[in-house]
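When a residue number appears, it is its place in the shown sequence, counting from 1. Model, not experiment: these values are computed from the prediction.
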Amino acid sequence: DANNWHDDVKSTARLIEANEIAKITGNTEFDATVPGKDLAYWLEDSSYNEGTELPSEFPQPGEAKYKWLFDYTLGCTEYGCNIAENSTFGYWTSTPSVSETKATWCVGFNGYYAYDNVGNAFYGVRPVITISKSILS
């Protein structure tokens with residue numbers, strides 16, 4: 001609900017893109033637009049990729065390097081985030097998968113970054129909002 005937001009902020013709210021998340025986490029090999037370069041990975045360790053098992057031990061609550069990227073997801077504190085919430089398993093990005101039809105990239109509660117079928121209702125949205133310093137009070 002953006003009814004009471006400043007007009008400049010309303011116009012910039014959007015979903016984050018898959019390649020933006022890869023850039024944030026330093027994963028230079030990932031490219032959601034190129035088949036074969038769009039492998040799923042764990043946000044904490046971009047050397048992990050699809051087909052290998054997630055680590056047996058995760059960061060303690062609040063200690064994950066990219067915790068803010070999966071905060072407010074179901075049970076995420078077990079995987080190193082700051083704040084867990086029960087309303088969503090993870091969140092969608094705005095980027096469709098080039099490898100699977102009917103799939104879009106998403107971030108899960110355990111910091112896993114992959115594409116999933118858009119019919120799965122347990123993901124939510126996490127908007128990106130650009131706020132100019134000039135409108136902050």
Side-chain angles (χ1 to χ4, degrees):
D1 181 11
N3 289 336
N4 296 318
W5 291 9
H6 189 281
D7 287 339
D8 290 343
V9 175
K10 282 184 195 178
S11 66
T12 63
R14 63 182 177 80
L15 294 180
I16 195 166
E17 296 174 11
N19 286 346
E20 287 179 283
I21 293 174
K23 184 177 179 182
I24 290 166
T25 62
N27 188 338
T28 58
E29 299 299 314
F30 177 89
D31 187 341
T33 65
V34 179
K37 294 199 71 130
D38 62 338
L39 297 176
Y41 68 96
W42 185 44
L43 297 177
E44 292 306 295
D45 181 4
S46 62
S47 67
Y48 162 84
N49 60 39
E50 194 169 26
T52 60
E53 291 186 31
L54 284 171
S56 58
E57 292 189 28
F58 292 89
Q60 295 297 307
E63 292 183 357
K65 185 174 181 181
Y66 301 106
K67 57 189 167 248
W68 59 275
L69 283 171
F70 60 106
D71 270 347
Y72 299 101
T73 57
L74 181 67
C76 67
T77 53
E78 293 179 39
Y79 303 95
C81 81
N82 288 311
I83 304 164
E85 203 200 79
N86 294 327
S87 65
T88 185
F89 181 78
Y91 61 92
W92 299 108
T93 72
S94 63
T95 309
S97 168
V98 295
S99 298
E100 293 287 329
T101 58
K102 298 183 183 180
T104 300
W105 282 91
C106 52
V107 172
F109 67 96
N110 58 0
Y112 186 64
Y113 187 48
Y115 51 80
D116 205 344
N117 186 301
V118 295
N120 291 334
F122 41 78
Y123 289 99
V125 295
R126 181 181 186 140
V128 173
I129 304 168
T130 304
I131 301 174
S132 171
K133 288 181 182 180
S134 65
I135 64 171
L136 295 175
S137 55

Can you tell me which residue pairs pass the side chain to side chain donor-acceptor pair (under 3.5 Å) test with a partner in residues 60-69, sequence neighbours excluded?
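Applying side chain to side chain donor-acceptor pair (under 3.5 Å) to every pair that reaches into residues 60-69, excluding sequence neighbours, yields nothing.
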Could you tell me which non-hydrogen atom of [X] sits nearest to which non-hydrogen atom of [Y], and how far apart they are?
X      : Y      : value
Thr88  : Gly124 : OG1-N, 3.0 Å
Thr77  : Ala84  : CG2-N, 3.8 Å
Trp42  : Pro55  : CZ3-CG, 3.4 Å
Arg126 : Phe70  : NH1-N, 4.0 Å
Lys37  : Glu29  : CE-O, 3.1 Å
Ser99  : Asp38  : OG-OD2, 2.6 Å

Does [X] use its side chain to pair, donor to acceptor, with the backbone of [Y] at less than 3.5 Å?
X      : Y      : answer
Asp71  : Asn82  : yes
Ser97  : Ala103 : no
Asn120 : Phe122 : no
Thr25  : Leu43  : no

Do the ring planes of Tyr113 and Phe30 sit parallel (below 30°), tilted (30 to 60°) or perpendicular (above 60°)?
tilted
Tyr123 vs Trp92 aromatic rings, parallel, tilted or perpendicular, using cut-offs 30° and 60°?
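Tilted.
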Heavy-atom side-chain contact between Ile16 and Val107 under 4.5 Å:
no
Can you check whether Tyr115 and Trp105 have ring centres sitting under 6.0 Å from each other?
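That pair passes the under 6.0 Å test.
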ILVMFWY network linking Phe58 to Tyr72, side-chain heavy atoms under 4.5 angstrom:
no
